[in-house]
Structures are given as C-alpha cells and as structure tokens.
2 protein chains.
Amino acid sequence: MNTAYHHGNLRQALLDRATETVSEKGVEGLSLRGLARDLGVSHAAPLRHFATKAELLNAIAVEGVGSLIEATGGVDAHPSGVARLRAMVLAYVDWAIANSELHHILRNPDVMRHASDDLTALLATFADRQRQEIKAAQESDWRTDTDPEVLFLHLVSLTAGTAIVTTEEIYKRRVAAPETRSKVEASIDLFLG
Amino acid sequence: MNTAYHHGNLRQALLDRATETVSEKGVEGLSLRGLARDLGVSHAAPLRHFATKAELLNAIAVEGVGSLIEATGGVDAHPSGVARLRAMVLAYVDWAIANSELHHILRNPDVMRHASDDLTALLATFADRQRQEIKAAQESDWRTDTDPEVLFLHLVSLTAGTAIVTTEEIYKRRVAAPETRSKVEASIDLFLG
DNA sequence: TTTAGGATGTTGTCAATGTCTACATAGGTC
DNA sequence: GACCTATGTAGACATTGACAACATCCTAAA
C-alpha cells in the first residue's frame, strides 16, 4: 500500500514537480538535482525512476497526452458528426488552456525529440480519433466534396494552431483577447459551420 | 574589411554553426563550449559576442524572424486582397519548410522565454502585417460579415498550425504526405476560398 | 518466521558545461 | 608612436547529468 521507502511515492512526486518547474523555467531550467533538492531526497534518487532527464520529460509527455485523450473523450454523447467534431476541437483547446504547462511540454521539440514508442503510439491514437471524427462528419453530410485528408490536415493545423495561439505567451497578448473563448468558437465555426 | 582578430567573423560563424547544431541536437544539445571547439577558438571566446546562451539563441531567433518577414514580403505584387493573403500564408509555410531549423527555433519555448525587445518588436511587426492583409481582403469583399479579430485569430492559428504540422517530425509522417504542398493549398483555400 | 532478492535511496565521483575574472594582443585613432 | 577598445585566451568555480558502490526497506518463498 502506497509502499515505497523513504519518500512514499517519489516517482509521481517527480513528475508533478518537474511539470511545475518546466512550466516556470523551461526544459533548460529543469535539473534532476534541483528536483531532488525540492523533494528532499538525495541527488541521485531520481535516477532510480528515470535513468535520464529525457526519460523524465518523456514520461511527463505520456501523462500529458493521456490526459488530453481523456479530456477529448467525452464527446460521444453528441448526435451529429459535426457537433462531435466541434466538441472535440473545443475540448482540445480548453484542455490546452487549463493545462498549459503540459501543453507546452508536448510542444517542446526537446521533449519530442526523444519520444518513446509509448508516446508516439498515444499520439497516433489521438490522430486516428481525429481522422475518424472527420469521416463521421462527412457521413452526416458535412463538406462531402472535400478530400478527407485535406480536411484532416486542416483540422490538425487549426486545432494545434488555436491551442498554441491562445496559450503561448508570445501570441496570447497579441491575439484574441479579450473574450478569447468566444472568438475561438467563432473561429472554429468558420471551418465547421 | 572582414576585420576581426584571430577568427575573422566569429559572431556570424557562431550564429550559423549554432543554428545547425540546434536543428541537429536541439537546444539541449547546443553548448557554447562545443561551439567554440567546432570553430577552433577558446572556450570563452563566444562570450565576447553573446554573454549567455540565451542571448545567442535570441539572436538566432531575430535572424529567423527577419528572414521570415523578408520571405513573406514579396507579396505586394498581387492585386486582390485575398490573393495577397493567400500568397502570404503560402510564403510562410514554404519558408517554414525551407528553413525548418530556424522555424523550430522560433517555436522553442526555451528560446522565446528569453525573447528580447528586438525580437518581440519584430514579431509584432509581422502580426501587424497579417492584420493589415486581413483588412485589405475584407475591403475587397472577402468575408465582410465576420469580425476581423476572429479572422485574425483564425489566420494566425491556421498559419502557425500548418507550418508546424508540415514541418515537425511527429506530425509530418502522419499528416498530408504525399503531395503535402498541394494539400496545404487546398486546406488554406478552405479558409480563403 | 526467517531469509534471499529486488526495489528504492544514499554517498562518492567524474567529465562537461555556463559563466566569471584576469590577462594578452590586434587595429584603429589622436 | 602611444593609447584604447574590440576581440580572444587561460584559469577557476559551482552546477549538472550520469555512473558505481553501498545501504536499507519490502515482499515472497522456504
């Protein structure tokens, strides 16, 4: 039960604290030793759970994508294909806003550079879901004359782009405030409406 | 005349080599000392030009945005507002594909975190240009019934998203290949058409 | 109940790195 | 020809990622 030795649950504590630190000070600002200090363990303790810094970042990303998939999963209640698509995009953006630290980590090339098989598999799962929703929407008579792959490209671009623009500091200030959320909906509806 | 001391033009050499290194090994993989070794100068020589690693990365980003602005600048020849908008978006995406290293650097939170005033000013310039093109397009009768700020949000999201999706390893494989370029055009036209 | 073995932490160590300080030299200016 | 500044060098230090050797707790098999 909640086993573990001196600490209790070091692995999860590392993940949590690391997520905070990265969102505050970036990947550069994250150090395994600093993490160990924060949690009151010895400098090498983290290595028992993550052999390398990249491995830790990757684990955070896995958690993140899992959370994203979960957040965009409660979509099945909606009837029409387009409504589901819309709900999914908005759920994505809302998730990115609510979990901007995780979202930033997923966007960080230095994290994705070392993506594990687990992680890429999860991302593939999510992409499949998007493709599937496109198909369903087309079957319910939405943009039936357009190449599904073009719609997919558009969806992914727009979704990722919107999440970034509403989330990253550099854009946030310049774009869409105030009333960001309602503008996001209007923007999405340019595609889905 | 190509002045300078032992090296010749260390500053530019640092920028160039650093850009290469970052695109190969990421920001984490970039080290000032490694850079110095590559260029055959002493370990502290780079500090004469960039007091800190962040400063170097920032300088690269400034170069990058400058190049982007230049690349999207040859747009004025086009007549209609929408055609100009279209040309600008495609120029952006093409630039991102042709200069994916620079594009990645601009997308890296660890770079943007330390953005200088110069850099943010350049980015603001680019954003202004985008806003202006939207206005021109609306004046030539494109989507006149839509809030310009919503169009701006949509444009920025779609542009950034498309560049990312066609450029970053994780997406590239899964989206739009083959014939990426023609799909990109088709996707953009869903918005501009 | 004891005990072997794995999981988890600790301490010690090493090379590499960012950054600082003190020193050297080249080139242009008065 | 004597300075001054830009540029580069040499040395030093704290921090870091990573490895190895050792310690301790926990569990399951005997």
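Proteins come first, then strands; the chains are lettered A, B, ... in the order of their sequence lines, and each starts at number 1.
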Touch class at under 4.0 angstrom, heavy-atom based, for A:Leu32 against every strand present: sugar-phosphate

Salt-bridge criterion met for A:Glu168 and B:Arg107 (N-O under 4.0 Å): yes

Shortest side-chain distance from A:Arg48, nucleotide among C:dG12, D:dA10, D:dA21: D:dA21

Sugar-phosphate, base or nothing in reach of A:Arg37, heavy atoms under 4.0 Å: sugar-phosphate

B:Ala44, nearest nucleotide to its side chain (from D:dG8, D:dG11, C:dT11): D:dG11

Nearest-Å distance for atom pair CD/P, residues A:Glu55 and D:dG17: 14 Å

A:Glu70 CD: over 12 foreign heavy atoms closer than 6.0 Å: no

Selected nucleotide, minimal atom distance to A:Ala45 side chain, candidates C:dT19, D:dG17, C:dT10: C:dT10

Parallel, tilted or perpendicular, as decided by the 30° and 60° cut-offs, for the rings of A:His154 and A:Phe191: tilted

Contact nearer the 5' end of DNA chain C, comparing B:Leu30 with A:Arg11: A:Arg11

Minimum-distance nucleotide (side-chain atoms of B:His43 versus D:dT7, C:dT13, D:dG11): D:dG11

Any A:Ser31 side-chain nitrogen or oxygen under 4.0 Å from OP1 or OP2 of D:dT16: yes

Nucleotide nearest B:Ser42 (side chain, heavy atoms from C-beta), chosen from C:dG18, D:dG17, D:dG8: D:dG8

A:Arg33 side-chain proximity, nearest of C:dT10, C:dG9, D:dA18: D:dA18

Sugar-phosphate only, base, or nothing, as touched by A:Leu39 at under 4.0 Å among non-hydrogen atoms: nothing

